[in-house]
Amino acid sequence: MTAIIDYGVGNLFSLCSSFSFIGEDAVITNDVSVIRKSDRLVLPGVGAFKDAADKLRESGMAEVVRAEAASGKPLLGICLGMQLLFDKSFEYGEHEGLGLISGNVVSIAPVIGSGLKIPQIGWNALHFPKDRPKHPVFKYVAENEHVYFVHSYYAADCESSVIATTEYGAELTAAAASCNVCGTQFHPEKSGKTGLNILRAFCEM
Amino acid sequence: MITKRIIPCLDVRDGRVVKGVNFLGLSDVSSPVSLARFYSDNGADELVFYDITASAEGRALFTDILKEVASTIFIPLTVGGGINTVADFDRVLKCGADKVSVNSGAIRNPRLIEEAAKKYGDQCVVLSVDIKRVDDRFRVFAKGGREDTKMDALEWIKCGLAMGAGELVINSIDTDGVKNGFDLEMLEAVCKISDVPVIASGGAGNMEHFTKLFKALPGVDAGLAASIFHFGEVSIPELKQKLYDDGINVRL
């Protein structure tokens, strides 16, 4: 069973539907006993980093997620949920994340150059670093398959954890991982067959 | 690099897709659910759903259909039609919409854009504008293109962007239904003032029109159409292959 962490952020309808489509039992929950019993966790999130980080802490879910991740349970952060896995974000100030992957979340504006729109909204291609084996979450995904992004910030200073990149004026982190913790900047639940294959692979981790 | 998007638009009335469709291999062509699935499985990058039923009964029916569509397609879904309040945003987002398109409701109350953008993020608010030339100026029309608001379209778009609209759908009333190509002049004027994605609508009649659109205006991010896709005059996989062959970056 997959527990989708409910901490009052975002619309979880599509995420839940995606798991049921691939035949995986998923529940949206903030019940600690359900989360402990689950086989894996998904940390979703949309909106502003500070607001989400505050809600995660105030709901007590930050500690639960940290403890579960430390136990070795697979954890997938999606979009803002991925950014929350990092040490810090510099979105409107400086805010602490969960510190499960080392690195910082910064604006794409200074690196992408002029002429590109912010946020990046739309389908972009995935590239896998050539110097490391492909992460298990991408086992059903080939180089250049497209996924759906909506973001203005990205994870930087995390080179050793990058498991996929995308090109938007610069090479941006599309996904990162550290041990049993991984995260995607894009939305697998909105990325057609490719996205469903990523969720399927995560459920096999 | 980010791809150009192709977006079919479904007008839903009384639970059925308006405008006849004649696909082969689809058992129920007027069912929004089977049509949405068909597009999602056949290369559409996103779907737009318009609720064109006014009655409260129709609203409940639409909500049911929206939920059913959202639970079976895994591409972004934009919903519009009759969005007048933040509560309307809430209603369709809870049914699985990813973005919400505002038009007449935002003209009546421009603060709607700001309130919704603050609550759900800019990326969630799509400003749809119906534009027609009047006395050589671009004028905003409301109520499905029936009412001249006398507002200057470019000024209205600037206002919407300042309030947090995250995407623009530009419908040219002048080219809509004519099938002679997109309104490049109008779209160029909009691209000049927009720092958010621009979705072109109105006038697509064949595949070449999409190539022309993306070649002439690199600032346009997506092409939207309804009848040419519904009637099978243009198939999305063929269109995307042609765009790819013409050197335009698309998701195949």
Side-chain angles (χ1 to χ4, degrees), chain A residues 9-22 45-49 51-52 79-80 108-109 112 114-127 144-152 166-172 186-199, chain B residues 1-7 37 39-47 66-78 89-90 92-100 117-124 126 166-168 191 194-199 218-222 240 249-252:
Chain A
V9 172
N11 176 5
L12 308 174
F13 184 93
S14 299
L15 197 52
C16 225
S17 308
S18 303
F19 280 107
S20 72
F21 189 82
I22 61 170
V46 291
F49 189 97
D51 181 50
C79 197
L80 182 63
I108 64 173
I112 63 170
S114 58
L116 287 172
K117 291 167 188 177
I118 296 175
Q120 166 173 225
I121 301 184
W123 296 81
N124 207 336
L126 287 175
H127 305 294
N144 271 324
E145 282 192 42
H146 288 83
V147 288
Y148 189 77
F149 290 86
V150 182
H151 68 124
S152 306
T166 196
E167 190 70 30
Y168 190 64
E171 192 176 77
L172 301 179
F186 55 89
H187 285 273
E189 77 281 16
K190 288 287 148 193
S191 297
K193 283 184 194 118
T194 301
L196 293 171
N197 279 334
I198 290 167
L199 295 179
Chain B
M1 208 45 209
I2 199 156
T3 63
K4 299 297 181 188
R5 287 174 273 160
I6 299 298
I7 308 175
R37 273 303 293 279
Y39 283 133
S40 168
D41 292 344
N42 287 279
D45 294 309
E46 205 165 316
L47 283 181
L66 184 57
K67 266 192 184 157
E68 206 180 333
V69 167
S71 62
T72 53
I73 66 155
F74 302 104
I75 58 174
L77 179 62
T78 300
F89 268 76
D90 205 55
V92 296
L93 289 170
K94 280 198 174 123
C95 295
D98 300 294
K99 308 183 216 181
V100 182
K118 278 211 178 111
K119 183 154 187 205
Y120 304 107
D122 293 5
Q123 82 293 333
C124 187
V126 180
E167 263 185 324
L168 298 173
C191 285
S194 176
D195 54 1
V196 304
V198 173
I199 299 167
V220 169
D221 295 85
K240 291 179 90 177
N249 189 20
V250 290
R251 176 182 71 112
L252 290 179

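Per chain, numbering begins at 1; letters A, B, ... match sequence-line order.
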Next on the checklist: Tell me whether the count of non-hydrogen atoms from other residues, nucleotides or ligands lying under 6.0 Å of CD in B:E68 goes above 12.
Outcome noted: no

Next on the checklist: Rounded to the nearest 0.5 Å, what separates atom CG in B:D45 from atom NZ in A:K190?
Outcome noted: 13.5 Å

Checklist entry - Where does A:I118 contact chain B at under 4.5 Å (heavy atoms): side chain, backbone, both or neither? => result backbone

Item to check | Residue part contacting chain B, namely of A:Y148, when any heavy atom lies under 4.5 Å | outcome: side chain

So which atom in [X] and which in [Y] form the shortest heavy-atom distance, rounded to 0.1 Å?
X      : Y      : answer
A:A52  : A:L80  : CB-CD2, 3.4 Å
B:G96  : A:S14  : O-OG, 3.9 Å
A:I198 : A:V147 : CD1-CG1, 4.4 Å
A:S18  : A:E189 : OG-CB, 3.2 Å

Per-residue contact mode, [X] against chain A (heavy atom under 4.5 angstrom):
X      : answer
B:D195 : backbone
B:A97  : backbone
B:C95  : backbone
B:K118 : neither
B:K94  : backbone
B:T3   : both

If you count heavy-atom pairs under 4.5 Å between each of [options] and chain A, which one has the most?
options                       : result
B:V196, B:V250, B:D41, B:N249 : B:V196
B:S194, B:P218, B:S71         : B:S71
B:C124, B:A222, B:S40, B:P197 : B:P197

Checklist outcome for this item: Interface check, chain B: of A:V150, A:N144, A:D51, A:L196, most non-hydrogen pairs under 4.5 Å belong to A:L196

Next on the checklist: Listing request: all side-chain hydrogen bond (donor to acceptor under 3.5 Å, both in side chains) pairs with a residue in residues 115-126 of chain A, at least two apart in sequence or in separate chains.
Outcome noted: A:K117-B:D221, A:Q120-A:N124, A:Q120-A:H151, A:N124-A:T166

Next on the checklist: Which residues pass the salt bridge (Lys or Arg N to Asp or Glu O under 4.0 Å) test with B:R5, not counting sequence neighbours?
Outcome noted: B:E46, B:E167

